[in-house]
Amino acid sequence: NAGVTQTPKFRILKIGQSMTLQCAQDMNHNYMYWYRQDPGMGLKLIYYSVGAGITDKGEVPNGYNVSRSTTEDFPLRLELAAPSQTSVYFCASHPIDRILNTEAFFGQGTRLTVV
Amino acid sequence: ELKVEQNPLFLSMQEGKNYTIYCNYSTTSDRLYWYRQDPGKSLESLFVLLSNGAVKQEGRLMASLDTKARLSTLHITAAVHDLSATYFCAATNYGGSQGNLIFGKGTKLSVKP
């Protein structure tokens, strides 16, 4: 199993540019998440989704958009990149099963620099 | 609104010593997670705690959950240098339209010889 796959791994954007961070999981998980992690800091939830067609804002959604047209994919869109969006972005997924002793699985991260 | 607080945020330990990291959460949570993160890496799952009184152990790490106090602890026994990393706890409310998974700020652990 590939698990949670994020692309790209690294990206440099100029201020005002747009880009989409891709996230795909092959575990048929219903829940998916996007986090940002600033240097030396914890993870802040940007958006999450409880299933295809359903998304909701997390703690820091401003400047980002998401969509969830399939169970597998959960892309994160930055429309007008700003230096404050320089961060490492992590995507994660979790199965819906409330009984099994399972954790959220994380991708390897995308390191984004906005200059 | 679910909030998660960890303390301490920084912890410098000597090898062989014991210490505990604390994780408090503000509202009812279905489960509590502990993760480890090495510098420049992604998050690695350590423990999933599902019920009050749950205790799990792996090597020198032991995690426990008290849902009444909304408190989880990660106890480190006889620390070794390999345990140096940042440790995060996370809480969640799954079910229905809820699905947020909220992390604490992390505890950066440094184990010195």
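We name chains A, B, ... by the order of the sequence lines, and we start the count at 1 in each one. Note that these values count all heavy atoms, side chains included, but never hydrogens, waters or copies made by symmetry. Since the structure is predicted, the reported quantities are computational estimates derived from the model, not experimental observations.
- If you take OG on S45(B) and CZ on F106(A), they are separated by 9.5 Å, rounding to the nearest 0.5 Å.
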Assess the residue pair H94(A) and L101(B) against the criterion (side-chain contact (heavy atoms from CB on, under 4.5 Å)); give the C-alpha distance rounded to whole Å, side-chain angles, the decisive distance to 0.1 Å, and a yes or no. CA-CA 10 Å; H94(A) 192 287; L101(B) 177 59; 5.6 Å; no
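- Of all non-hydrogen atoms in G40(B) and R111(A), the two that sit nearest each other are CA-NH2, 4.3 Å.
- Through direct or indirect side-chain contacts shorter than 4.5 Å among Ile, Leu, Val, Met, Phe, Trp and Tyr, V66(A) is connected to L13(A), I15(A), M19(A), L21(A), M32(A), W34(A), I46(A), Y47(A), V60(A), Y64(A), F74(A), L76(A), L78(A), Y89(A), L112(A), V114(A).
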Report task. Please lay out, stage by stage, how F103(B) and L45(A) fare under the test side-chain contact (heavy atoms from CB on, under 4.5 Å). Result -> CA-CA 8 Å; F103(B) 279 77; L45(A) 182 62; over 6 Å; no
Note to self: What verdict does the side-chain contact (heavy atoms from CB on, under 4.5 Å) test give for I102(B) and L43(A), after you've listed the backbone C-alpha separation in whole Å, the side-chain angles of each residue and the deciding distance to 0.1 Å?
What the structure shows: CA-CA 8 Å; I102(B) 304 297; L43(A) 281 77; over 6 Å; no
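- Heavy atoms of Y35(B) lying under 4.5 Å from chain A belong exclusively to its side chain.
- Scanning residues 2-11 of chain B against chain A with a 4.5 Å heavy-atom cutoff picks out nothing at all.
- Neither L49(B) nor L71(B) shares a network with the other; the hydrophobic side chains, linked directly or stepwise wherever heavy atoms of I, L, V, M, F, W or Y lie under 4.5 Å apart, form separate groups for each.
- Annotation: the span from M41(A) atom CE to T86(B) atom OG1 amounts to 12.0 Å, rounded to 0.5 Å.
- Cluster note: M62(B) groups with V55(B) through ILVMFWY side-chain heavy atoms spaced under 4.5 Å, whether in direct contact or through intervening members.
- L83(B) and M13(B) fall within a single hydrophobic cluster, where Ile, Leu, Val, Met, Phe, Trp and Tyr are joined by side-chain heavy atoms under 4.5 Å apart, directly or via other members.
- Residues L50(B) and W34(B) fall within the same hydrophobic cluster, defined by Ile, Leu, Val, Met, Phe, Trp and Tyr side chains chained together at heavy-atom separations under 4.5 Å.
- Note on P39(B), G106(B), A90(B), S42(B): by heavy-atom pairs under 4.5 Å with chain A, the leading option is S42(B).
- With side-chain heavy atoms closer than 4.5 Å counting as contact, directly or through intermediates, the hydrophobic cluster containing V115(A) also holds I12(A).
- Interface summary for chain A: among E1(B), Q37(B), K41(B), the most heavy-atom pairs under 4.5 angstrom belong to Q37(B).
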